[in-house]
Amino acid sequence: MIELKKVFKQYHEGRINEVRALVNINLTLKKDCITVFKGPSGSGKTTLLTLIGGLSKPSSGRILLDGEIISNLPEKFLAALRREHFGFVFQRFNLIRGISVLENVMLPAYPMAPAHAPLRQKAKDLLERLHIPEKADMPVDVLSGGEAQRVAIARALINDPDTIIADEPTANLDSRLAVQFLQIIEQLRKDGKTIIMTSHDPRIWQARIVDRVIDMEDGHIVEENEKVANP
Amino acid sequence: MTEPNNSYQAGLLSRLGAAKQLYLIDFTLGAMKRRTGRNVMLFSVYLAIIFILGSVMLFSHAIRREAAILLENSPELLVQKLRMGRHELIEGTRLEVLRKIRGVRQAQGRLWGYFYDQANGANYTLMVPREQSKTTAVKPGETIIGEGVARTKGIKQGGYLFLLSETGKLMKLKVKQVFSNQSALTNTDLILLSEPDYRRFFVLPPDLYTDLSLTIRNKREIDKIVEKAAKLMPQARFITRRDILRTYESIFSWREGLLLALLGGSLIAFTILSFDKASGMSAEERREIGVLKAVGWETSDVIAMKFWEGALVSIGAFVFGVALAYAHVFFFSAGLLEPVLKGWAVIYPSFTLTPSLGGIQLATLAFFTIIPYTAATIIPIWRAATTDPDEVMR
Amino acid sequence: MMKFLSNTMRRSHLALAVIATGAAGLALMTMHAQFSGRSSQLAGHAALVAELGLTDLALFTEARYTRHPSQADLFTPFQDHPLSFDHFPSGSLVLPQRQFGNKDLFAESLPQ
Amino acid sequence: MIFHTPILAMILASVITSIIVLWSAFFALKVVRHWDITSGHARQLTLEKRTYLVTTALKFVLALELFSLILFVTNADQMAPMFTGAMCAVGVLNVNEYGMPALLLKLAVFFGASVWLILNHADEQGRDYPLAKHKYALLTILAPLVLITSLIQFLYFYNLHADVITSCCSRLFVPEGKGLQASLSAMDPMSALYMLFISFGLLVLLAFWLRGSKRNNRFGRALFGPVAIGFFTVAIIAITSVISSYIYEQPHHHCPFDILKWQYGYIGFALYIPLFTGTAFGLAAGLMSLFPTPSSLLEAYPRMIARNITISAVLMTIFMAFILLAIGRSHLILFG
């Protein structure tokens with residue numbers, strides 16, 4: 001369970017190009033539900049995602065994960081926390097060229113240096129589950145948009161995180177692939193994962209499986225509608 | 001929030017453990033594949049520098065060691081007469097004076113000098129072997145020549161050597177033997193003559209010698225003996241075996257230092273190159289590091305990974321550079337360095353050095369190449385590794 | 001072949017194997033140097049030097065003071081011209097004999 | 001000044017080390033002044049980022065200093081023939097008055113850098129860089145030490161003239177002589193050996209007592225530092241006065257450096273590496289217990305000190321094992 005208390009975030013503090021990305025955010029995100037932040041670009045939803053996922057620190061205020069303050073942890077512990085709790089799916093997938101698809105999936109586990117063979121097998125199984133096992137040993141350049149996203153999802157799952165954070169997941173996908181993406185998300189929710197996404201794609205925040213939609217504008221939370229517990 | 005999953009004990013072992021480093025190397029080599037052009041260029045420059053530096057150092061060290069071993073057998077004490085500061089022939093009568101000094105086992109005159117051969121502009125060293133020499137004894141009309149002489153005059157064993165003496169007469173000598181390449185380093189330009197032939201060739205009165213050589217009974221007394229001899233012959237110059245050894249020690253270390261100072265320039269250029277290469281971060285590389293940190297890599301993991309990139313290039317270039325230098329100096333007898341050493345001499349010994357390679361040389365070479373390179377990449381690697389993870393979301 | 005290697009063998013194993021062979025090569029060279037250092041060839045050469053009483057290496061045969069640096073007097077390079085330190089290329093590589101035997105004729109002129 | 005390539009290499013290395021440590025010290029001053037873990041302020045973030053640079057730089061410096069120390073001794077040994085009267089490294093180090101101080105300072109820098117890195121490793125376990133102020137204060141002491149060492153080492157090389165008459169082992173390590181080396185070998189072999197075993201026993205006893213005791217007696221743990229240094233000195237004296245004679249199988253050969261040579265199977269390394277690292281861990285444990293236990297490392301901190309003490313004791317035991325091996329293998333019978 002993630003709580004944000006009186007969180008502010010400015011970039012380039014004190015300089016002329018100071019940008020106030022987030023203003024006085026107070027938020028509690030419960031486990032085992034799908035939350036979507038919607039709003040125009042520049043509304044601060046991506047910045048909020050970086051704070052929740054421990055990618056950056058707030059200028060002021062506190063962020064708690066399961067009751068423990070994580071906003072002033074040294075970077076080393078923040079990274080350990082990311083490894084353990086969060087799986088990221090980026091808008092542009094951000095797969096790394098030069099290493100094979102399988103290695104891209106295994107990458108987040110490198111710092112903990114588990115045994116090599118079981119890790120390879122685990123990555124293969126993940127690719128299997130996402131229906132792209134045949135591309136394991138190929139470079140990432142051969143992947144299509146949809147395939148690249150599924151590899152990115154497999155990478156996000158390799159460390160068995162309890163929360164998946166996706167930034168504009170369907171921005172580069174056509175409607176068929178978007179539906180497939182939602183099916184994967186639904187399956188992950190059944191597996192007990194918490195999903196946090198940002199999107200300005202109606203197909204996402206209007207989807208029935210979404211539990212909570214939070215509307216944001218200019219760094220503020222505008223209004224929120226909590227769905228009644230979906231069937 | 002539980003303690004990070006690796007408890008303190010396991011954390012230490014796995015974090016420092018080899019398993020993690022292997023994963024980092026996996027990633028580094030993969031990432032390096034993308035920028036092969038730049039890496040190959042850096043590797044070849046690195047290899048060339050280590051090859052050149054290695055050749056100079058190995059050659060100098062080997063020849064210094066060989067000189068020390070060989071010249072350990074040079075005469076213990078030599079006496080030269082000087083007049084007007086110039087080397088002058090010394091009278092045989094001086095031998096009795098020197099033989100009277102306590103501690104001198106034996107004193108004998110030496111006859112050696114130079115001969116400039118108009119035909120090919122070469123300088124030969126003519127010498128009379130000492131009485132006690134057996135294998136190098138030469139009867140009148142015979143000669144033993146160094147391989148350089150045989151090579152430049154195109155004569156073989158059994159053939160005849162003709163020398164035009166100052167008196168205009170031609171001296172004909174039968175070549176009894178030619179010294180092999182193995183001893184070329186000290187006798188490539190040597191021509192041994194019997195004493196009568198030598199005196200006839202240079203028109204020398206019977207009692208004059210080039211210098212006198214003394215053998216001393218007890219090594220530690222040399223300084224004492226030199227003092228006494230200096231009182232007897234104030235104007236003479238005394239050269240001990242130690243002087244000879246120290247001459248060569250300082251010649252070669254001075255020269256090696258000179259060459260390294262010259263190469264220092266290229267070293268600095270190379271360090272700047274590596275600094276620039278490491279800090280030349282494309283946007284893609286910066287984003288890539290952002291991704292690594294986002295998916296859970298710590299800054300120290302990224303630093304270790306980047307360090308491995310430099311280390312693999314360094315170690316690879318060092319190992320193969322030294323191997324090439326070793327082969328170049330000891331199997332091709334430093335062919336590339338020959339023009340530098342040869343200068344304008346006509347005769348240059350075709351010698352093969354006894355191979356010598358020690359820990360100190362490897363360490364010194366590493367200090368000159370790997371250390372500056374690694375030092376130069378510390379700051380760029382750190383700057384790369386501290387890119388903010390959230391850059392990847394922007 | 002490389003494709004096969006990089007698939008089954010991890011890149012790190014491959015890289016470390018290459019470096020290990022390289023290091024083994026270096027160790028081999030050091031042993032080779034150690035071993036051939038004691039070869040008879042050197043001993044034969046040393047005996048010759050002892051027998052003939054040779055004093056210098058025949059590396060630079062251009063002039064007296066470069067052929068026999070330990071024997072030539074300090075003046076030899078000057079004999080052609082008082083200021084011409086020496087003009088043979090190898091002269092730039094050979095440090096003039098500073099000790100000049102035990103009696104420093106021109107002690108005060110030698111740089112301290 | 002002898003234009004000798006290993007010398008040029010060591011001077012280059014000392015210049016690089018001095019530049020890096022000097023820069024890190026300036027950074028350390030800034031940390032000691034502005035370090036405030038609670039503020040999310042931009043400056044605190046850059047300071048945190050800078051800590052990584054300092055740690056990486058000092059790891060590089062420690063590795064470089066270790067190799068430089070080994071090269072310093074082995075090169076001195078190889079240059080012995082250039083000096084009349086020098087038979088081994090000791091003779092070469094005595095060519096001028098900067099030799100021995102240079103060696104001792106290099107040792108001090110090695111210990112300083114390794115203690116800093118052990119301290120840094122402990123600091124990294126804490127959630128809020130608990131020991132940051134302490135380790136950077138230590139850095140501001142380490143920096144001048146490195147500068148002085150580089151200077152003394154340069155002065156030593158600069159005043160190295162080929163034809164200087166120097167005195168070496170046979171004349172130096174003779175008990176009647178004066179100076180540091182003489183006192184080292186003044187100890188007669190028997191009592192040196194007793195001293196060695198007694199101080200080893202004391203060290204291991206202290207280690208066990210500290211491990212056993214539940215109470216976190218900081219004084220006892222702080223004592224371990226000086227005990228480690230004490231044992232180190234006794235070990236060096238023992239090696240010089242008695243163990244070396246065993247290894248060389250000659251009662252009068254006391255040189256502590258020749259044992260690094262291949263003729264003696266590099267036993268010198270087998271002795272010195274565990275001894276040096278053991279002393280470093282002992283020192284680190286002693287120093288760490290001087291600092292108050294940081295709040296964020298309440299139970300981890302004492303455990304780390306205890307762990308360092310154990311590692312130090314284990315390394316010293318390995319060292320003693322090699323000592324016994326050296327004595328056992330030697331045909332020399334010194335007493336009885």
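Protein chains get the first letters and strands the later ones, always in sequence-line order, with residue 1 at the start of each.
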Applying a strict 4.5 Å limit to non-hydrogen atoms, the region of B:Leu24 in contact with chain C is neither
Does NZ or CZ of C:Arg67 fall inside the cone over B:Tyr124's six-membered ring, less than 6.0 Å from its centre and within 45° of the axis?
-> no
Proximal component of C:Leu48, with respect to chain B [non-hydrogen, under 4.5 Å] = side chain
For C:Leu59 and B:Phe351, what are the C-alpha separation, side-chain angles and deciding distance, and is it a side-chain contact (heavy atoms from CB on, under 4.5 Å)?
-> CA-CA 10 Å; C:Leu59 268 176; B:Phe351 60 95; 4.0 Å; yes
Side chain from CB out, backbone as N, CA, C, O: work out which of these in B:Tyr116 comes under 4.5 Å of a heavy atom of chain C, or both, or neither.
-> neither
Return yes if a side-chain donor-acceptor contact under 3.5 Å exists between B:Asn123 and C:Thr61, otherwise no.
-> no
Residues C:Leu54, B:Leu70; criterion side-chain contact (heavy atoms from CB on, under 4.5 Å); working and verdict = CA-CA 9 Å; C:Leu54 300 175; B:Leu70 293 174; over 6 Å; no
Going by the angle between their ring planes, with limits at 30° and 60°, are C:His32 and B:Tyr326 parallel, tilted or perpendicular?
-> perpendicular
For B:Phe330, is it the side chain, the backbone, both or neither that has a heavy atom under 4.5 Å from a heavy atom of chain C?
-> neither
Is it the backbone or the side chain of B:Glu66 that comes under 4.5 Å from a heavy atom of chain C, or both, or neither?
-> side chain
For the pair B:Arg241 and C:Thr55, evaluate side-chain contact (heavy atoms from CB on, under 4.5 Å) and give the outcome as yes or no after the intermediate values.
-> CA-CA 8 Å; B:Arg241 175 181 290 165; C:Thr55 58; over 6 Å; no
Answer with side chain, backbone, both or neither: which region of B:Arg110 has an atom nearer than 4.5 Å to a non-hydrogen atom of chain C?
-> side chain
